[in-house]
Amino acid sequence: MAVNVEKAEQFVDILRESAEKLVVVDFYSTTCPPCLVVDKLLNQFVSQYPNVGFYKVDVKRFSDVAMQCRVTATPTLQFFRKGRSINEVKGANRKAIIDAIEAGLNDNNGSEGKSAYGVVGHIDLTRLVLMKQSECLNQNDDHPMENIFVEGDKVLESDVDEQMMLRISFNQPIKLHSIMLKAPLDKAPKNIKLYANRTDVEFDDVDTAKPTQEIEMTNRIYKDGGVVNLRYVLFQNINTITIFVADNLADEEVSAISQLAFIGTAVNSANMSDIRQGEEGHSH
């Protein structure tokens with residue numbers, strides 16, 4: 001069975017343990033029905049993955065630990081390597097949990113050993129997008145932004161002209177190394193402006209508001225996978241990003257995107273120094 005944390009100092013030991021192997025921590029509540037589902041899943045995974053440490057943290061008993069780990073909902077599972085949270089799954093999604101465990105087992109050095117869309121040392125952060133707090137201005141409602149974050153043939157398409165303004169929010173701060181765009185080439189975005197931690201930019205502002213970075217996409221970039229490296233030093237603590245699409249490769253009346261991915265690392269959500277040793281959590 002997964003081990004229940006009984007003292008806050010035990011969580012420090014868990015982070016130390018993650019220096020040698022993957023550690024999965026289930027942040028749960030005793031009044032949360034989906035948490036019972038996750039509990040049963042973890043009990044199965046204990047025997048299925050004997051080289052993984054499985055632990056459970058009651059968010060009411062250890063609210064300080066949950067706060068330090070930026071837990072905002074239960075159940076939340078966090079995956080640790082070398083004292084750092086490298087992945088997170090919210091909810092009782094069996095496939096997502098298994099995928100995160102498998103990814104963690106293939107990551108022998110934390111994020112340093114990972115690769116997303118060919119970008120070595122970084123992971124796909126798209127799972128951290130908060131869809132309810134994100135939007136696309138001038139989208140065709142029959143082809144909305146949600147389409148670019150799910151598998152399938154659907155696309156995001158602009159409405160009255162070729163321009164789009166995507167405002168993306170993340171559920172935790174990230175360090176953004178690259179973006180990946182896939183699109184039908186006849187409608188693929190060409191000139192793009194990125195605004196880090198700004199959601200106030202409007203269409204009327206794009207000629208005067210200084211972007212964090214400008215990108216010119218080409219046929220070759222799309223055919224090579226659509227990955228564009230960013231000026232990493234300028235994208236170190238990102239909570240939101242606005243993406244302005246000015247036009248498309250073929251000068252079509254509308255622009256379209258079939259997939260958008262964010263590549264980088266999550267800002268460390270838990271350090272051993274952040275957890276006060278020897279102090280039990282308390283109820284809200």
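Each residue takes its place number in the sequence, starting with 1.
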Q. Do Asn138 and Asp159 have side-chain atoms, one donor and one acceptor, less than 3.5 Å apart?
A. no
Practice item. Indicate whether any N or O donor in one side chain lies under 3.5 Å from an N or O acceptor in the other, for Tyr49 and Glu102. Key: yes
task = Give the intermediate values and the outcome of side-chain contact (heavy atoms from CB on, under 4.5 Å) for residues Thr242 and Ile168.
result = CA-CA 6 Å; Thr242 294; Ile168 309 295; over 6 Å; no
To the nearest 0.5 Å, atom OG of Ser85 lies from atom CD of Gln172 at 6.0 Å
Side-chain polar contacts of residues 227-241 - donor-acceptor pairs under 3.5 angstrom, sequence neighbours left out - could you list them?
residue: Asn229; atom: OD1; partner: Ser178; partner atom: OG; Å: 2.8
residue: Gln236; atom: NE2; partner: Tyr232; partner atom: O; Å: 2.8

Assess whether side-chain contact (heavy atoms from CB on, under 4.5 Å) is satisfied between Met217 and Tyr222, documenting all intermediate values.
CA-CA 7 Å; Met217 300 292 289; Tyr222 283 109; 3.6 Å; yes
Quiz item: Side chains of Pro75 and Cys32: does their closest heavy-atom pair fall under 4.5 Å?
Solution: yes
Here the gap from Ser169 atom OG to Lys132 atom NZ, rounded to the nearest 0.5 Å, amounts to 14.0 Å
From the list Glu157, Gln139, Lys154, Gln259, side-chain contact (heavy atoms from CB on, under 4.5 Å) partner of Asn147 resolves to Lys154
| query | Does Ile86 offer a backbone N or O that forms a donor-acceptor pair with the side chain of Arg81 under 3.5 Å? | reply | no
Derivation of the side-chain contact (heavy atoms from CB on, under 4.5 Å) call for Thr30 and Asp58: CA-CA 7 Å; Thr30 56; Asp58 185 331; 3.8 Å; yes
If you group Ile, Leu, Val, Met, Phe, Trp and Tyr by side-chain heavy-atom gaps below 4.5 Å, do Met165 and Leu260 land in one group? no
Checklist entry - Would Arg167 and Glu135 pass as an ion pair if we require N to O under 4.0 Å? => result yes
To the nearest 0.5 Å, atom CD1 of Ile148 lies from atom CD of Glu146 at 9.0 Å
Checklist line | Ile179 side chain near Ile263 side chain, heavy-atom distance below 4.5 Å | finding: no
Between Ala8 and Phe62, the two heavy atoms sitting closest are N-CE2, 3.7 Å
Tell me whether Ile243 is reachable from Val206 by hopping between hydrophobic residues (I, L, V, M, F, W, Y) whose side-chain heavy atoms are closer than 4.5 Å.
-> no
### Query
Any side-chain heavy atom of Lys56 within less than 4.5 Å of one from Asp26?
yes
*asked:* Donor-acceptor check, side chain of Ser255 to backbone of Ala188, threshold 3.5 angstrom: yes or no?
replied: no
Do Ile174 and Leu128 make a side-chain contact, defined as non-hydrogen atoms from C-beta onward lying under 4.5 Å apart? yes
Please tell me whether Glu17 and Tyr55 have a donor and an acceptor in their side chains that are separated by less than 3.5 angstrom.
yes
Residues Gly91 and Ile97: closest non-hydrogen pair is O-CD1, 4.3 Å
Taking Tyr28 as the starting point, is it possible to reach Leu41 by hopping between hydrophobic residues whose side chains are less than 4.5 Å apart?
no
Check: Above 12 or not: heavy atoms from other molecules or residues under 6.0 Å from CD of Glu20?
Finding: no
Discussion item. Quick check on Glu253: does its CD atom have over 12 non-hydrogen neighbours (other residues, nucleotides or ligands) under 6.0 Å away?
Written reply: no
When every non-hydrogen atom of Pro189 is compared with those of Val245, the smallest separation belongs to CB-CG1, 3.6 Å
**Audit row: Leu36, Lys40, side-chain contact (heavy atoms from CB on, under 4.5 Å) steps and yes/no** = CA-CA 6 Å; Leu36 298 177; Lys40 292 180 180 179; 5.6 Å; no
To the nearest 0.5 Å, atom CD of Gln10 lies from atom CG of Asn4 at 8.5 Å
Nearest heavy-atom approach of Asn171 to Lys90 is ND2-CE, 3.6 Å
Same apolar cluster (I L V M F W Y, side chains within < 4.5 Å links), Val59/Leu15 | yes
Next on the checklist: So does Val155 get a backbone contact from the side chain of Ser258, meaning a donor-acceptor N/O pair under 3.5 Å?
Outcome noted: no
Between the OG atom in Ser134 and the CZ atom in Phe149, the distance rounded to the nearest 0.5 Å is 6.5 Å
Looking only at heavy atoms, the pair that brings Glu88 and Gln78 closest together is OE2-NE2, 2.9 Å
Next on the checklist: Salt bridge or not between Arg198 and Asp200? Use side-chain N to carboxylate O under 4.0 Å.
Outcome noted: yes
Within the structure provided, determine whether Leu77 and Leu42 are in side-chain contact (heavy-atom separation under 4.5 Å). yes
Nearest heavy-atom contact between Gly225 and Met180 is O-CG, 3.4 Å
I want to check something: taking the side chain as every heavy atom from C-beta on, are Phe170 and Leu130 in contact at a cut-off of under 4.5 Å?
no
task = Would you mind checking if Glu6 and Arg61 are paired as a salt bridge, meaning a charged N to carboxylate O distance below 4.0 Å?
result = yes
Exercise. Answer yes if the side chains of Asn87 and Arg127 hold a donor-acceptor pair under 3.5 Å, and no otherwise.
Key: yes
- request: List the steps and the verdict of side-chain hydrogen bond (donor to acceptor under 3.5 Å, both in side chains) for Asp205 and Tyr195.
  value: CA-CA 12 Å; Asp205 301 325; Tyr195 299 88; over 6 Å; no
Checking side-chain polar atoms at under 3.5 Å, does Arg94 have a donor or acceptor matched by the opposite partner on Gln44? yes
Phe11 and Phe80 aromatic ring geometry - parallel, tilted or perpendicular at 30°/60° bounds:
perpendicular
Side-chain heavy atoms under 4.5 angstrom apart, residues restricted to Ile, Leu, Val, Met, Phe, Trp, Tyr: same cluster for Val254 and Leu156? no
cation_pi(Lys193, Phe244) dist<6.0 Å, angle<=45: no
Trace of the salt bridge (Lys or Arg N to Asp or Glu O under 4.0 Å) decision for Lys190 with Asp247: CA-CA 6 Å; Lys190 180 180 179 182; Asp247 50 21; 5.6 Å; no
In the structure I gave you, are the side-chain heavy atoms of Met164 and Leu137 within less than 4.5 Å of one another anywhere? no
Would a 4.5 Å heavy-atom cut-off, applied to side chains only, mark Pro211 and Leu194 as touching? no
